[in-house]
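Written below as structure tokens is the structure these notes are about.
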Amino acid sequence: MNEIHCRLEARWTSITLEEGRLEFELFNLGDASLADFRLSYTSLTRIEDASKCENATLLRRNANLHEMMPVDGKAIAPGKSWRFGVGGLTRPARHRTDGVSTAYITLADGSRHDIALGPFLPSDSPATFTPELVPEGELEFPVSILPWPKKFSAMGFGAPPVALFAQDGSSTDKIAALSEISELAARLFPAEAQPFSLCAVTGGRPIRFEENSDLAGEGYTLSFSVDEVKLASAGHAGTIYGLVTLVQMLMASHREPEKFSFPASGNIEDAPRYQWRGCHLDVSRQVYPLASVARFIDILAWNKLNVLHWHLTDDEGWRLEIKAYPELTEIGARRGPDEIMTAQLGTGARTTAGHYTQQEVRELVAKAKRINVDIMPEIDIPGHCTALLAALPDLTDGQEAPESYFSVQGYSNNSINPGLPQTFEFLEKVFSEVAQLFPFPYIHVGGDEVAPGAWLASPKAKDLMAKERLGGTPELQAYLLRRVKTMLSGMGKQLSGWDEVSHGGGVDPEGTLLMAWQKAELGPELAEQGYDVVMTPGQAYYLDMVQSEDWQEPGLNWAARKVPPKLTYEYEAAGEFPEPLSHKLKGIQGCIWSENLVSRELFNHMVFPRLSAIAESAWTPRDKKNWQRFAATCRRMPVL
Ligand code: ACM
């Protein structure tokens with residue numbers, strides 16, 4: 001067979017500020033005619049109105065997947081191209097990542113071939129580029145520590161020791177902590193010199209460990225002299241954070257001695273500002289190998305963040321092994337042209353698949369705990385359940401009309417049905433396995449973005465509405481979540497969810513922790529209703545948001561036109577809360593939604609240094625935050 005070699009180029013033409021068209025050109029770069037084929041592409045800018053396609057027929061659209069063919073079935077001769085245009089789109093394109101994410105063609109023999117993507121550009125004005133958004137920065141003190149400590153009073157600086165080592169007679173748990181952070185540094189920076197040793201080092205300096213039960217749980221103090229460093233803490237977390245501070249300073253002073261040195265006298269007194277310092281990671285839209293998740297947890301620890309909110313399920317994939325329902329991962333963890341679930345963003349001609357086994361999860365949880373990171377699992381219900389329902393279609397009402405509602409992401413009938421007894425049997429089995437796997441007190445149950453009108457065409461849901469006097473979709477959702485809350489309590493767990501958990505009457509706020517994501521003002525509103533709150537506003541803390549308004553900058557802009565690192569850094573969640581409600585603010589969290597993050601490079605570009613900006617707000621007192629210092633040190637932080 002002749003080799004298939006095609007490339008798709010796309011342009012955006014604005015009609016109004018909110019509306020425009022995509023103009024495509026598919027080039028046949030192979031040496032045979034391309035006949036009798038279908039083009040499939042995935043794009044967040046979706047076609048809603050098939051009648052607005054020109055010179056192409058839309059055969060099918062499923063969420064972000066589009067399947068097209070030339071109107072007259074015309075072949076493309078070698079060296080020639082097929083031009084077509086589409087309008088009736090769900091959103092305007094404003095950035096290069098608003099176009100095609102993956103594309104492939106299917107030939108008459110059923111074979112599939114990935115095709116190359118050219119640049120996606122605007123046609124009516126030149127694309128603009130973003131200059132560096134983080135300045136060189138400026139240091140107050142010649143040390144590299146991020147997040148910056150609560151009190152820094154080291155004033156004498158000097159040449160760094162070759163390494164730091166455990167003073168003779170250090171207790172077993174301190175030696176274990178030193179070893180733990182030494183291994184953390186080696187994993188994150190394998191090319192760097194080892195900073196810590198368990199035995200004496202010529203040219204090194206001893207660390208004298210001290211227990212001090214007066215210090216805060218995660219707090220520590222460091223006292224510097226040319227003879228030793230004293231590290232005092234009340235427990236394991238404080239010890240490892242003191243060691244992270246030391247290793248950051250030491251490695252920076254070895255690598256960039258003209259900029260950074262090491263304290264020869266003085267003190268650091270440190271403790272975190274918030275108890276909840278989190279980051280969410282969506283492993284449904286993109287598949288992250290276990291090793292990447294483990295590295296991400298290491299990165300959290302290096303930033304002194306202490307919660308991984310692990311978004312394990314969504315429409316595009318179910319990624320956790322559940323023993324009672326192997327089909328959840330056999331079917332729901334796979335997407336591609338030959339799977340039950342179609343290709344979506346990041347998937348082309350080949351299947352994308354992956355999930356975490358229970359054994360892998362247990363090991364990861366234990367490993368994370370040693371560096372003071374807890375893992376909170378999220379099983380996103382009752383919406384965002386396309387993958388779940390692909391595996392277990394009986395969790396919808398068979399009498400419900402197909403396509404009776406659509407989620408904002410374009411999925412139809414993607415919510416498990418509260419009117420069916422088997423829904424609760426399913427939830428009981430899944431959550432009891434999840435509760436066994438994750439020792440963290442909270443299980444996050446999603447609750448976000450259930451489509452307006454969900455279940456209203458389901459006779460079973462209508463029966464439930466009549467029986468329980470429920471008014472509509474939000475009340476049906478709240479009914480389901482109240483039962484889930486009771487179920488979790490029986491398993492010794494507390495319920496966490498997105499802000500919509502409060503809709504339709506909500507659940508009992510006692511012991512419930514909600515994340516304010518849609519807008520910051522929701523934080524104090526939820527607190528007023530009695531919920532504990534973690535602030536994750538899209539306008540500052542969603543790390544998939546674009547960092548400038550320039551076309552060539554990747555990212556989304558539904559929450560804000562731009563979220564540059566400086567905005568993320570300077571945003572103050574506490575500023576949203578009046579004093580009487582401030583005790584309900586438990587902390588802050590970044591969110592990494594991965595629809596658009598189809599490569600490691602894009603992930604790193606979007607996530608860093610904004611993740612460290614959030615980490616500094618989570619740890620450092622407001623009056624000690626300093627953008628210039630942050631800028632001068634953030635490039636030393638690890639990336640995935
Ligand atoms: C969300 O961004 N749907 C919580």
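Whatever order the structure lists ligands and atoms in, that order sets their numbers, starting from 1.
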With nothing but distance in play, are any N or O atoms of [X] less than 3.5 Å from an N or O of ligand 1?
| X | answer |
| --- | --- |
| Trp558 | no |
| Asp448 | yes |
| Tyr542 | yes |

Partner of Tyr356 under ring pair (Phe, Tyr, Trp, His ring centres under 6.0 Å), chosen from Phe438, Trp318, Trp310: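 Exactly one candidate clears the test, Trp310.
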Thr313, Val430, Val361 screened by side chain to side chain contact (heavy atoms under 4.5 Å, CB included) with Leu320, the one that passes: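 Looking at Thr313, Val430, Val361, the match for Leu320 under the side chain to side chain contact (heavy atoms under 4.5 Å, CB included) is Val361.
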Electrostatic pair Glu570-Arg622, nearest N-O below 4.0 angstrom: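 Salt bridge flag = no for Arg622 with Glu570.
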Aromatic contact, Trp517 with Tyr541 (centres under 6.0 Å):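 No.
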